[in-house]
Amino acid sequence: MVISSTTADYDQNLHSTFASRYVRTSLPRFKMPDQSIPKDAAYQIINDELMLDGNPRLNLASFVTTWMEPECDKLIMSSLNKNYVDMDEYPVTTELQNRCVNMIAHLFHAPIGEDDSAVGVGTVGSSEAIMLAGLAFKRKWQAKRKSQGKSCDSPNIVTGSNVQVCWEKFARYFEVELKEVKLKEGYYVMDPAKAVEMVDENTICVAAILGSTMTGEFEDVKLLNDLLTKKNKETGWETPIHVDAASGGFVAPFLYPNLKWDFRLPLVKSINVSGHKYGLVYAGVGWVVWRSKDDLPDELVFHINYLGSDQPTFTLNFSKGSSQIIAQYYQFIRLGFEGYKDVMSNCHENTMVLKEGLEKTGRFNIISKDIGVPLLAFSLKDSSKYTVFNISESLRRFGWIVPAYTMPPDAEHISVLRVVIREDFSHSLADRLIADIVKVVHELEGAQSTVSTSGVRDGGTVEHGSRVMERGIAKFWRRFVHGKKTSSVC
Amino acid sequence: MVLSKTVTESDVSLHSTFASRYVRACLPRFRMPDNSIPKEAAYQIINDELMLDGNPRLNLASFVTTWMEPECDKLIMASINKNYVDMDEYPVTTELQNRCVNMIAHLFNAPLGETDTAVGVGTVGSSEAIMLAGLAFKRRWQNKMREQGKPFDKPNIVTGANVQVCWEKFARYFEVELKEVKLRDGYYVMDPEKAVEMVDENTICVAAILGSTLNGEFEDVKLLNDLLVTKNAETGWDTPIHVDAASGGFIAPFIYPELEWDFRLPLVKSINVSGHKYGLVYAGVGWVIWRNKEDLPDELIFHINYLGADQPTFTLNFSKGSSQIIAQYYQLIRLGFEGYKNIMENCRENAMVLKEGIEKTERFNIVSKDNGVPLVAFSLKDHSHHNEFEISDMLRRYGWIVPAYTMPPDAQHVTVCRVVVREDFSRTLAERLVSDISKVLHELDTMPAKVSAKKTVSEEKGVAVDTEEEVTKKITDAWRKFVADKKKTLGVC
């Protein structure tokens with residue numbers, strides 16, 4: 001327990017926080033303060049500053065879950081102090097992780113027998129999951145090349161340029177070349193034919209995305225599998241596939257069960273999925289599942305045994321909280337297959353509501369497809385007077401956070417707004433968002449006409465020009481910012 | 001919101017969970033169940049199963065924080081739905097991370113000017129922090145070797161055999177060779193002289209540990225720095241030092257402020273510390289700080305800008321919760337320097353109480369040092385009848401989790417029990433533990449050692465026959481030792 005020194009100020013406990021001296025001093029920012037402060041003051045000060053953060057549930061940029069049932073919150077609170085990695089001390093928590101891995105493996109049709117246990121692990125998110133999967137591919141490929149007496153110093157991965165930034169991180173940190181299939185206008189995912197063309201003998205795997213970050217589209221993994229099988233037969237290279245199902249992994253099995261994208265395709269050797277996206281858990285949990293033991297080289301696995309039962313561990317992170325793993329298990333047994341299906345159907349429905357509302361305004365092109373992750377990506381038909389970036393900014397005034405992005409190469413001239421429909425985005429919120437977008441568009445059109453008329457009248461005076469220049473600079477920065485941002489929002 | 005179908009069984013909401021059918025059905029283990037169940041049932045079932053986990057606060061194996069003030073719990077719950085990586089949406093949370101980085105950098109005497117911002121980042125734990133630091137070293141070394149036209153395909157790291165398993169992971173995953181300085185009986189940390197001897201031109205850095213996992217000792221970073229400076233002057237290799245201060249980073253500045261181990265030593269280029277150990281935050285936060293910008297190659301950083309403010313990001317993980325970062329900031333401003341100092345002094349006091357109590361039994365050797373992380377590592381003086389693993393087992397019956405380990409090479413014959421004294425381990429608990437250890441010793445004394453009993457029996461019979469019980473015990477002992485051997489490297493950190 002903290003035993004602080006006797007307080008000199010006798011009136012400290014008498015005054016409420018806002019009457020005390022603690023709210024009058026500026027909080028230390030760069031150096032640790034010398035003195036302690038009462039816990040109520042610390043709580044209040046931090047809580048108040050955090051009020052200025054965005055409201056997570058109105059953050060329509062993010063796929064990551066922002067609401068869970070209170071019962072689950074209770075479970076999370078009580079397991080906050082459990083260090084997940086202490087498998088010996090918390091055997092039940094470890095068991096829950098194993099059950100989750102098995103449930104997900106079965107969901108993805110992993111070819112496991114009735115008594116086999118699945119090969120997979122819980123991670124902190126899809127980034128870690130992808131790095132682990134990539135490491136496994138890299139090691140297998142190196143072993144294969146070494147046994148063939150060939151060089152193994154230039155591995156590469158083939159993927160679309162619509163990949164999430166964690167693939168670029170993996171490539172840079174683990175010294176693998178990233179060969180990107182460029183997008184084009186109207187086709188915003190990886191083209192399987194072009195991808196297979198780019199495969200060479202140094203390719204450790206081809207990564208397909210189920211649920212592209214930009215448009216929510218599912219890449220055609222089956223076509224990729226078929227084309228790659230053919231090429232493998234010709235070349236003998238045996239290039240495998242990894243499916244980055246970060247978003248789509250918990251959508252496709254429930255809404256599109258006939259879509260073949262998982263282990264039903266023979267070349268798919270590993271799949272990652274984010275528990276904290278449509279797995280419906282708060283940020284901090286992801287899963288990676290391998291097809292079979294052979295796809296995970298044993299040299300990468302550290303083994304922990306306790307009294308006979310083998311617990312393999314293969315993660316980048318060591319100590320971490322147990323809460324999200326338990327929360328994931330809660331969701332699996334609480335919702336079950338029917339519950340997840342209902343949630344995803346609702347999301348899909350609400351996406352359609354939003355889409356129809358926007359189409360009715362007559363000002364937007366819908367970029368996202370109906371089949372995919374429940375999100376809506378739309379661009380302006382006419383960007384000459386105002387852009388999607390203006391809309392995004394104006395929506396902030398209403399409390400909505402709707403990001404605007406430019407597409408990756410070679411479609412950088414297309415800018416879109418994107419709204420992700422999560423579990424907690426109801427029909428009423430969708431209606432309200434549509435109403436607010438309509439308001440914003442009318443405002444922007446009204447403002448635009450005022451500027452153009454005054455510009456004509458003044459004939460371009462210096463005074464007016466500086467305001468225009470300011471706006472131009474701000475616009476430029478904003479676009480620069482958002483241009484960089486394409487890679488950052490998952 | 002979840003819209004579940006209308007429940008056909010009208011009596012479901014009438015019955016309490018334990019009267020309902022949900023506690024009669026076996027929970028699905030390997031396949032997702034087809035149907036939903038009520039949330040109360042889901043909560044109750046999982047909660048009940050988790051009762052059989054160990055009690056985190058009695059887990060004396062772990063350095064990781066197991067108690068925080070209720071006010072902080074409130075902050076944590078309120079921020080649990082904030083995805084930390086959305087820097088644009090949560091600028092205050094991002095700002096709090098930056099403040100923590102700066103505070104920690106100053107705590108470690110990073111050479112920053114008044115207006116400079118520190119170079120560092122919050123991570124999920126020291127594993128990620130070490131991987132990032134190692135990556136930075138590897139990249140710098142590769143660039144240097146490339147410039148000099150030399151080969152750069154065989155990087156290595158020099159460290160002690162007492163390293164925590166994340167260094168082995170780093171080495172294996174990032175294809176760096178791990179050159180370990182072996183320990184010896186009585187000297188359980190890295191010997192700086194031997195370490196410097198092992199440095200060659202492919203060494204990307206030497207890693208010293210402030211707070212060895214096994215016995216809490218601080219390695220002599222100053223001596224390492226001085227020896228390495230000498231060697232660098234001779235060879236011109238410029239080999240840097242990384243300090244793994246996972247445990248010690250939040251201890252040494254408060255109770256051993258004159259100990260020079262941080263950026264005051266010129267060769268120390270990066271330091272990692274676990275926020276979730278003596279940073280006094282729940283599991284899930286670590287920090288890594290670099291001396292200055294040059295020590296972190298720009299090519300490893302991904303830049304995110306929003307309206308002109310540059311936010312560099314260099315982490316392995318992307319989406320993660322914000323709670324622990326906010327909790328760390330809470331602790332830093334709530335406790336301040338004096339608060340942390342008080343807590344560390346209390347921990348040290350209680351560790352001394354525990355140590356004296358254990359010494360009084362006269363059955364143990366104390367393997368840990370007084371100066372270091374507040375923990376007590378002890379081994380039996382007499383191993384002929386019983387060993388530390390049995391003591392560890394029997395303490396479990398009282399609720400305590402006290403792990404027993406064998407030391408790493410070359411001291412594998414030494415076995416220790418280790419008790420980590422955390423913030424929430426009071427003197428009362430220390431005294432209770434001592435009395436329970438005494439009880440365990442008495443019990444063990446009354447139990448015949450199976451090994452010696454077998455010997456007498458077989459002597460009588462003239463034949464060395466193991467009874468079934470003895471065979472089982474041998475097998476369990478072998479497994480336990482095998483487990484412990486594996487476990488110590490994974491180091492309950």
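Counting only distance, with no hydrogens or angles, the side chain of A:Arg139 and the backbone of A:Leu300 share no donor-acceptor pair below 3.5 Å. Judged by distance alone, the side chain of B:Glu128 and the main-chain N or O of B:Asn317 form a donor-acceptor pair under 3.5 Å. In this structure, the side chain of A:His276 engages the main chain of A:Gly284 through a donor-acceptor pair within 3.5 Å. Between the side chain of B:Asn81 and the main chain of A:Thr66, a donor-acceptor pair closer than 3.5 Å is present. One N or O on the side chain of B:Glu338 and one on the backbone of A:Ser36 form a donor-acceptor pair closer than 3.5 Å.
Comparing A:Lys82, A:Lys169, A:Lys320 by heavy-atom pairs within less than 4.5 Å of chain B, the highest count is held by A:Lys169. Of the listed residues A:Glu175, A:Glu299, A:Met68, the one with more heavy-atom pairs under 4.5 angstrom with chain B than any other is A:Glu175. Across A:Gln331, A:Glu49, A:Lys341, A:Met51, the residue that shares the most heavy-atom pairs under 4.5 angstrom with chain B is A:Glu49. Ranking A:Ile130, A:Asn81, A:Asp53, A:Ile46 against chain B, the residue ahead of the rest is A:Asp53, based on heavy-atom pairs under 4.5 Å. Comparing B:Leu300, B:Ile326, B:Leu107 by how many heavy-atom pairs each has under 4.5 Å with chain A, the most go to B:Leu300. Each of A:Phe337, A:Tyr173, A:Tyr329 has some count of heavy-atom pairs under 4.5 Å with chain B, and the biggest count is that of A:Tyr173. Put simply, of B:Ile37, B:Leu135, B:Thr117, B:Val101, the one with the most heavy-atom pairs under 4.5 Å next to chain A is B:Ile37. Options B:Gln324, B:Lys74, B:Glu345, B:Gln331 differ in how many heavy-atom pairs under 4.5 Å they form with chain A, and the most are formed by B:Lys74. Ranked by heavy-atom pairs under 4.5 Å with chain B, the first of A:Ile112, A:Ile104, A:Leu132, A:Thr93 is A:Thr93.
At a 4.5 Å heavy-atom cutoff, B:Ser322 makes no contact with chain A through either its backbone or its side chain. Only the side chain of B:Lys138 comes within contact range of chain A, judged by heavy atoms closer than 4.5 Å. For chain A, the nearby part of B:Ile76 is the side chain; its heavy atoms alone come within less than 4.5 Å. Using a 4.5 Å cut-off between heavy atoms, B:Phe174 contacts chain A through its side chain alone, with no backbone atom that close. Using a 4.5 Å cut-off between heavy atoms, A:Thr315 contacts chain B through both its backbone and its side chain. When heavy atoms are compared at a cutoff of 4.5 Å, B:Leu332 approaches chain A by way of both its backbone and its side chain. A:Leu50 touches chain B through backbone and side chain together, each having a heavy atom under 4.5 Å away. With a 4.5 Å cut-off on non-hydrogen atoms, A:Phe170 does not touch chain B at all. With a threshold of 4.5 angstrom between heavy atoms, B:Leu52 approaches chain A through its backbone and through its side chain. With a threshold of 4.5 angstrom between heavy atoms, A:Leu107 approaches chain B through side-chain atoms but not through N, CA, C or O. Residue contact with chain A, scored on non-hydrogen atoms closer than 4.5 Å, involves the side chain of B:Ile401 exclusively. Residue A:Met131 touches chain B through its side chain alone, counting heavy-atom pairs closer than 4.5 Å. For chain B, the nearby part of A:Lys138 is the side chain; its heavy atoms alone come within less than 4.5 Å.
Residues passing the side-chain hydrogen bond (donor to acceptor under 3.5 Å, both in side chains) test with B:Glu95, sequence neighbours excluded: B:Arg99. Taking B:Tyr340 as the reference, B:Phe250, B:Phe254 meet the ring pair (Phe, Tyr, Trp, His ring centres under 6.0 Å) condition, with sequence neighbours excluded.
In this model, no donor atom of one side chain and acceptor atom of the other lie less than 3.5 Å apart for B:Asn47 and A:Tyr330. Judged purely by distance below 3.5 Å, without hydrogens or angles, the side chains of A:Asp48 and A:Gln44 pair a donor atom with an acceptor atom.
No side-chain heavy atom of B:Asn83 sits less than 4.5 Å from a side-chain heavy atom of A:Pro56. A:Ile401 has its side chain within reach of A:Asn59: a pair of non-hydrogen atoms, C-beta onward, lies under 4.5 Å apart. Residues A:Glu69 and A:Trp67 are in side-chain contact: their nearest non-hydrogen atoms beyond the backbone lie under 4.5 Å apart.
One finds no salt bridge joining A:Arg334 and A:Glu71 here, because no Lys/Arg side-chain nitrogen approaches an Asp/Glu carboxylate oxygen to under 4.0 Å.
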